[in-house]
Amino acid sequence: MPELPDVERARKLLQACCVGKKISNVTAADDSIVFTNERGRELETLLAGRKLLDVGRRGKQFWLTLSGGLCLLMHFGMTGEIHVQGEKQNHYRKIDVDVGTEWPPRFTKFEMELTGKVRVAFTDPRRLGRIRTFAGDAADCPTISKLGFDPVLDPPELGVFQEAVSRRRMPIKSLLLSQDFSAGVGNWIADEVLYQSRIHPQQLASTLSEPQTAVLLQQLKDICNKAVEVNAESKLFPEDWLFHYRWSKGKGRKPAMPNGLRIEFVTVGGRTSAFVPDLQPAPSATRKRKAKSDDD
């Protein structure tokens, strides 16, 4: 699933190519799953002729601010993508559905042409993405207003973060994935943050020490900002990231880090979590180790 860095890449692409231009034509699928309010001809009529004023993002949500007080909000779901004709596509992982090289791409749900012959398409092979309009400031839309902090846009102060974490009796992996807590964090970012913080994904959030939560917050900010800095281009991620070595599961070889430490997988909150047990001991092992240290 596209995560914060991928959505920010799309936002920057739209910002660079589309802001200040007028929408001259729109084609929208009559799809009541992807489009949650206006769709088809109704949406085409509503958007045509409006000027694109700005492109915003919070977490995995992004939106176009249009003239006339209207916003078009989008979410990629599992396989959604933004394409601008003639512009290179970057992916942190290759999506397993080929949208082709023709224009418009296969699986296009929404396409618009702007002045200057700029053409934009939103593709979504699995129809898990969402597109909707909102009259007014996007920040007032419940889809946006109910989100938690964004690790890139407005990370919390350490004390605020520590207090919030200490109140939650749930696995820390599940908490990081909660969009009302940390908006934009998905499966691979959560696993990377926990690996770099040396925290097991099943450890209860409320049991983390202050030093652990301090490292956790710093890693959350650093990892998201680094991925954004390289425009979500995974080959430019640091070589010591778990990201590069986690994907060989089920491919005939056991995944491991370059130093030989094995990567294992556990299900947390319904999501597969990659971790390195030698560096991220299970919560029970951590307690036993601490007890032995106290006895000594």
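- Gly77 approaches Met1 most closely through the heavy-atom pair O-CG, 3.1 Å.
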>> Before you tell me yes or no, could you show the steps for Ser174 and Arg168 under side-chain contact (heavy atoms from CB on, under 4.5 Å), namely the whole-Å CA-CA distance, both residues' side-chain angles and the distance that decides it to 0.1 Å?
In response: CA-CA 10 Å; Ser174 298; Arg168 307 295 284 270; over 6 Å; no

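- For Gln162 (side chain) and Glu210 (main-chain N/O), a donor-acceptor pair under 3.5 Å exists by modelled atom type.
- Cluster annotation: Ile172 and Val266 are assigned to distinct hydrophobic clusters (Ile/Leu/Val/Met/Phe/Trp/Tyr, side-chain heavy-atom contacts under 4.5 Å, transitive).
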> Does the side-chain contact (heavy atoms from CB on, under 4.5 Å) test come out yes or no for Arg50 and Val26, once each step is laid out?
Replying inline: CA-CA 11 Å; Arg50 294 179 187 265; Val26 176; over 6 Å; no

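- Shown here for His75 and Gln61, the closest heavy-atom pair between the two residues is CD2-NE2, 3.3 Å.
- Looking at Ser145, its side chain does come within 3.5 Å of a backbone N or O of Cys141 through a donor-acceptor pair.
- Checked by atom type and distance alone, the side chain of Glu81 never pairs as donor or acceptor with a backbone atom of Phe122 at under 3.5 Å.
- Closest approach of Thr108 to Pro105, counting heavy atoms only: OG1-O, 2.7 Å.
- Atom CZ of Arg11 and atom CZ of Phe62 lie 11.0 Å apart (nearest 0.5 Å).
- Of the N and O atoms on the side chains of Ser273 and Lys173, at least one donor lies less than 3.5 Å from an acceptor on the other residue.
- Rounded to the nearest 0.5 Å, atoms CD (Gln280) and CG (Asp278) are 10.0 Å apart.
- Between Asp154 and Arg58 there is a salt bridge, since at least one side-chain N of the basic residue sits less than 4.0 Å from a carboxylate O of the acidic one.
- Both Leu52 and Leu43 are assigned to one and the same hydrophobic cluster, defined by single-linkage of ILVMFWY side chains at heavy-atom distances under 4.5 Å.
- A donor-acceptor pair under 3.5 Å is absent between the side-chain atoms of Arg119 and the main chain of Gln85, judged by distance alone.
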> Leu208 and Leu216: side-chain contact (heavy atoms from CB on, under 4.5 Å), yes or no, with the steps?
Replying inline: CA-CA 10 Å; Leu208 293 175; Leu216 184 70; 4.2 Å; yes

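- Criterion: ILVMFWY side-chain heavy atoms under 4.5 Å apart, direct or through other members. Under it, Val165 and Leu158 are part of a common hydrophobic cluster.
- In Lys51, the NZ atom is not crowded: 12 or fewer heavy atoms of neighbouring residues, nucleotides or ligands sit closer than 6.0 Å.
- Hydrophobic clustering of Ile, Leu, Val, Met, Phe, Trp and Tyr side chains at less than 4.5 Å, counting indirect connections, keeps Trp63 apart from Phe110.
- Classified by interplanar angle (parallel below 30°, tilted 30° to 60°, perpendicular above 60°), the ring pair Trp103/His83 is perpendicular.
- Taking the side chain as every heavy atom from C-beta outward, Ile82 and Leu14 approach each other to under 4.5 Å.
- Checked by atom type and distance alone, the side chain of Ser182 pairs as donor or acceptor with a backbone atom of Leu176 at under 3.5 Å.
- Proximity of a side-chain donor or acceptor of Gln179 to a complementary backbone N or O of Leu147 within less than 3.5 Å is not detected.
- Thr27 places no side-chain N or O within donor-acceptor distance of the main-chain N or O of Glu111, the cut-off being under 3.5 Å.
- Using a cutoff of 4.0 Å between basic side-chain nitrogens and carboxylate oxygens, Arg167 and Glu163 are scored as salt-bridged.
- Val276 has its side chain within reach of Leu242: a pair of non-hydrogen atoms, C-beta onward, lies under 4.5 Å apart.
- Judged by distance alone, with hydrogens and angles left aside, the side-chain atoms of Asn231 form no donor-acceptor pair with the main-chain N or O of Glu233 at under 3.5 Å.
- The two residues Ile189 and Glu3 have their closest heavy-atom pair at CG1-OE1, 3.1 Å.
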> Run the ring-ring contact (aromatic ring centres under 6.0 Å, His included) check on Trp247 and Phe243 step by step: do they pass?
Replying inline: CA-CA 8 Å; Trp247 307 106; Phe243 177 95; 5.4 Å; yes

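- Comment: Asp30 engages Arg39 in a salt bridge, judged by a side-chain N to carboxylate O separation of less than 4.0 angstrom.
- Between Asp54 atom CG and Cys71 atom SG the span is 9.5 Å, to the nearest 0.5 Å.
- Connection of Leu13 to Val120 is established within a shared hydrophobic cluster, with ILVMFWY side chains joined at heavy-atom distances below 4.5 Å, either directly or through further cluster members.
- Contact of the Leu47 side chain with the Leu66 side chain is registered, since non-hydrogen atoms from C-beta on lie closer than 4.5 Å.
- In terms of heavy atoms, Asp6 sits closest to Ala232 at OD1-CB, 3.7 Å.
- Between Ser24 and Glu113, the side chains place no donor N or O within less than 3.5 Å of an acceptor N or O (distance only, hydrogens not considered).
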>> For a side-chain hydrogen bond (donor to acceptor under 3.5 Å, both in side chains) check, start with the C-alpha distance between Glu229 and Asn225, then their side-chain angles and the critical distance, and finish with the verdict.
In response: CA-CA 6 Å; Glu229 178 187 322; Asn225 277 291; over 6 Å; no

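- To the nearest 0.5 angstrom, Glu44 atom CD is 11.0 Å from Leu46 atom CG.
- Residues Val152 and Glu8 are not in side-chain contact: their nearest non-hydrogen atoms beyond the backbone lie 4.5 Å or more apart.
- When side chains are defined from C-beta on, Gln212 counts as touching Gln203, because their heavy atoms get closer than 4.5 Å.
- Residues Leu4 and Lys60 have side chains not in contact (no heavy-atom distance under 4.5 Å, counting atoms from C-beta outward).
- Residues Phe275 and Pro201 have side chains in contact (heavy-atom distance under 4.5 Å, counting atoms from C-beta outward).
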> Run the side-chain contact (heavy atoms from CB on, under 4.5 Å) check on Val228 and Arg9 step by step: do they pass?
Replying inline: CA-CA 7 Å; Val228 165; Arg9 183 204 67 81; over 6 Å; no

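- Nearest heavy-atom pair across Asp124 and Gly129 is OD2-N, 2.7 Å.
- To the nearest 0.5 Å, the span separating CG on Leu279 from OG on Ser197 amounts to 12.0 Å.
- Side-chain contact between Leu175 and Leu177 is absent, with no heavy atoms from C-beta onward closer than 4.5 Å.
- His200 places no side-chain N or O within 3.5 Å of a backbone atom of Tyr195 that could act as its donor or acceptor partner.
- Here OG1 of Thr123 is found 12.5 Å from CZ of Arg126. Values are rounded to the nearest 0.5 Å.
- Within the 3.5 Å criterion, the main-chain N or O of Ser32 finds no donor-acceptor partner in the side chain of Thr36.
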